[in-house]
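Worksheet: the structure to be examined is printed underneath.
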Amino acid sequence: MVPAAGRGERLGPGAPKALRELGGAPLLVHAVRALARSRAVGLVVVAAPPDGVAEVVGLLDSHGLDGKDVRVVAGGATRQESVRLGLAAIGEQVEIVLVHDAARPLVPVEVVDAVAAAVRAGAQAVVPAVPLADTVKRVGPAPAGGPEPVLDTPDRATLRAVQTPQGFRRSLLAEVHARALAEQEAGLAPAVTDDAGLVEHYGGQVVVVPGHEEAFKVTRPLDLVLAEAVLARRRASDGF
């Protein structure tokens with residue numbers, strides 16, 4: 001599943017982030033292709049902007065996707081809502097669901113395979129992740145007009161930068177989204193940023209498999225420049 005209804009304002013004005021072009025094709029097309037290359041994936045559901053479903057269908061139809069079953073549904077105002085709507089479009093016979101950011105267009109197929117394999121082997125929730133290269137500081141609120149005070153320095157060896165696709169037992173993913181919706185309607189929406197975070201919020205166990213440096217998220221203009229360089233190198237080396 002690819003939630004792609006957000007606008008991605010940090011890339012600047014223009015088309016929604018998922019529809020920005022990379023190497024002649026929208027980021028979304030690259031992300032769907034990345035999933036479709038995996039033999040573990042039989043269906044890709046895209047949650048598109050509600051007013052852009054026809055446009056996304058046209059984009060995907062105009063780019064060959066290896067005969068995989070690709071469906072487009074209207075997403076929601078938030079990532080959480082888009083995932084919930086996308087999940088509703090997946091038949092209940094599907095036991096494993098992967099959720100992938102449209103803004104991670106270059107995730108290698110081996111990462112997709114590793115996540116799916118870990119869920120198939122018994123894990124309830126799986127995320128790909130990479131070690132941090134930079135030292136991380138935890139900071140407190142800045143006084144008026146002043147710099148932020150450092151509170152402490154977490155041990156970098158225990159930290160990971162999480163990527164996608166994240167993999168789940170379908171039953172667990174449906175359960176945590178139903179619980180989150182109930183809390184939201186009661187004015188108690190959990191403050192999480194991804195689906196693995198929802199699992200953690202409700203007491204579930206999430207495990208990590210190795211990610212890849214090329215599965216980075218395209219969020220800012222510089223990320224798009226880096227993605228173009230990676231794509232050009234791939235095309236030069238293996239006809240990607």
Side-chain angles (χ1 to χ4, degrees), residues 1-6 31-32 34-47 71 73 75-76 78-132 154 157-184 188-217:
M1 183 194 314
V2 184
V32 172
L35 294 176
R37 286 191 182 92
S38 172
R39 293 183 179 180
V41 174
L43 164 69
V44 180
V45 172
V46 177
R71 303 175 194 171
V73 301
T78 65
R79 175 193 172 88
Q80 190 171 304
E81 185 179 4
S82 291
V83 171
R84 189 171 67 250
L85 292 170
L87 190 60
I90 299 174
E92 293 190 2
Q93 74 278 8
V94 176
E95 297 181 353
I96 297 174
V97 176
L98 308 183
V99 183
H100 184 53
D101 293 335
R104 297 184 189 272
L106 300 176
V107 59
V109 68
E110 56 263 31
V111 175
V112 182
D113 291 342
V115 171
V119 181
R120 193 179 297 114
Q124 295 295 301
V126 180
V127 297
V130 293
L132 295 183
T158 67
L159 300 176
R160 298 291 183 271
V162 173
Q163 303 174 330
T164 67
Q166 300 181 354
F168 307 90
R169 301 301 302 182
R170 183 223 168 84
S171 57
L172 175 62
L173 188 60
E175 176 191 342
V176 297
H177 274 277
R179 293 177 69 176
L181 178 60
E183 287 193 4
Q184 179 181 336
L188 302 169
V192 297
T193 58
D194 64 5
D195 300 280
L198 274 183
V199 172
E200 294 173 55
H201 178 77
Y202 294 116
Q205 175 67 62
V206 180
V207 299
V208 171
V209 297
H212 195 282
E213 62 182 4
E214 292 182 1
F216 60 89
K217 191 172 186 177

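All figures in this text were calculated on a predicted structure; none of them were measured in a lab.
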Distance in Å, [X] [atom1] paired with [Y] [atom2], rounded so as to fall on 0.5 Å steps:
| X | Y | atom1 | atom2 | answer |
| --- | --- | --- | --- | --- |
| Leu173 | Arg84 | CG | CZ | 11.5 Å |
| Thr164 | Met1 | OG1 | CE | 12.5 Å |
| Phe216 | Arg104 | CZ | CZ | 10.0 Å |
| Glu81 | Gln184 | CD | CD | 7.5 Å |
| Tyr202 | Glu183 | OH | CD | 3.5 Å |

For Val199 and Leu172: C-alpha separation, side-chain torsions, deciding distance, then whether side-chain contact (heavy atoms from CB on, under 4.5 Å) applies.
CA-CA 8 Å; Val199 172; Leu172 175 62; 4.0 Å; yes
So, Glu214 side chain and Leu106 main chain: donor-acceptor pair closer than 3.5 Å or not?
no
Under the 3.5 angstrom rule, does the side chain of Arg39 hit a backbone N or O of Ala36 as a donor-acceptor pair?
no
Give the minimum heavy-atom separation between [X] and [Y], together with the two atoms involved.
| X | Y | value |
| --- | --- | --- |
| Gly167 | Val115 | N-CG1, 3.4 Å |
| His100 | Pro165 | ND1-N, 3.4 Å |
| Ala123 | Val207 | CB-CG2, 3.8 Å |
| Gly75 | Ala5 | CA-CB, 4.2 Å |
| Ala34 | Pro105 | CB-O, 4.2 Å |
| Leu85 | Val73 | O-CG2, 4.4 Å |

Can you give the donor-acceptor pairs under 3.5 Å from side chains of residues 87-99 to other protein atoms, not counting sequence neighbours?
from: Glu95; atom 1: OE1; to: Arg169; atom 2: NH2; distance (Å): 3.3

So, are Arg79 and Asp194 salt-bridged, with charged N and O less than 4.0 Å apart?
no
Salt-bridge present (Glu175, Arg179; N to O < 4.0 Å)
yes
When you compare the side chain of [Y] with that of [X], does any pair of heavy atoms fall below 4.5 Å?
| X | Y | answer |
| --- | --- | --- |
| Val130 | Gln163 | yes |
| Arg37 | Val112 | no |
| Arg71 | Val44 | no |

Assess whether side-chain contact (heavy atoms from CB on, under 4.5 Å) is satisfied between Gln166 and Val206, documenting all intermediate values.
CA-CA 10 Å; Gln166 300 181 354; Val206 180; over 6 Å; no
With Arg170, which residues qualify under side-chain hydrogen bond (donor to acceptor under 3.5 Å, both in side chains), at least two apart?
none
Check the pair Asp195 / His177 against side-chain contact (heavy atoms from CB on, under 4.5 Å), numbers first and verdict last.
CA-CA 8 Å; Asp195 300 280; His177 274 277; 2.7 Å; yes
